[in-house]
Amino acid sequence: MWIYKEVTREAFEKRKKYVEQIICEQGAEIVMIHLPYEQRTISICDGNQEIIFHKNKIFKFKNNYFRVNEVLFREKPFIVLECGSFQDLMCNTMEDAEPFPYDLSDDEIVKEVRYALEIE
């Protein structure tokens, strides 16, 4: 159940798509990989559970793989980049970079993505 009044699920998804665009602009490539598991996000906040089944794009940058995901905190939803090796991706054990609020400015989001990609 979506618990936020200040942002719709659709607007939040649009912001996540913007993050994917930034990842590509930084030089990452989208890779087509069949995963041996179903992609889903389960977030629990104040007893409310949000389960999203999705097919996140997978990006390769240098020798690492990335996906855009989410963390639903009480105050507002955050965006997080998952990152790891090919083995991490295949075993669904990727690490989360530092989450950031969906409502950062465009420039701040670019900085967050560059930091997660270890460009800055």
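Note that the structure is a prediction, hence the values are computed from the model and not measured.
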Quick one, [X] and [Y] - any side-chain contact, counting heavy atoms below 4.5 Å?
X    : Y    : value
C83  : F61  : no
Y18  : V110 : yes
I30  : C24  : yes
W2   : V7   : yes
F100 : V71  : no
I79  : R15  : yes
L89  : L35  : yes
M32  : I58  : no

Neighbour count above 12 (heavy atom, 6.0 Å) for [X] [atom1]:
X    : atom1 : answer
D106 : CG    : yes
E118 : CD    : no
E6   : CD    : yes
E25  : CD    : yes

Let me confirm one number: the [atom1]-[atom2] distance from [X] to [Y], rounded to the nearest 0.5 Å.
X    : Y    : atom1 : atom2 : value
E70  : F12  : CD    : CZ    : 4.5 Å
I109 : L104 : CD1   : CG    : 5.5 Å
K5   : I3   : NZ    : CD1   : 9.0 Å
E82  : R67  : CD    : CZ    : 4.5 Å
M94  : L81  : CE    : CG    : 9.0 Å
D103 : E108 : CG    : CD    : 9.0 Å

Mind checking whether F86 and Y65 have ring centres under 6.0 Å apart?
yes
Taking V68's backbone N and O only, do any of them form a donor-acceptor pair with N56's side chain (distance below 3.5 Å, no angle check)?
yes
For salt bridge (Lys or Arg N to Asp or Glu O under 4.0 Å), just list the numbers for E13 and R9, CA-CA rounded to whole Å, side-chain angles, deciding distance to a tenth of an Å, and then say yes or no.
CA-CA 6 Å; E13 290 296 328; R9 169 54 86 176; 2.7 Å; yes
Step by step, work out the side-chain contact (heavy atoms from CB on, under 4.5 Å) result for D88 and E95.
CA-CA 8 Å; D88 294 331; E95 295 288 325; 5.9 Å; no
Cluster check V80, Y115: I/L/V/M/F/W/Y, side chain < 4.5 angstrom:
no
Closest contact, heavy atoms only, F59 versus A28
CB-CB, 4.1 Å
Classify the angle between the aromatic ring planes of F78 and F73 as parallel (below 30°), tilted (30 to 60°) or perpendicular (above 60°).
perpendicular
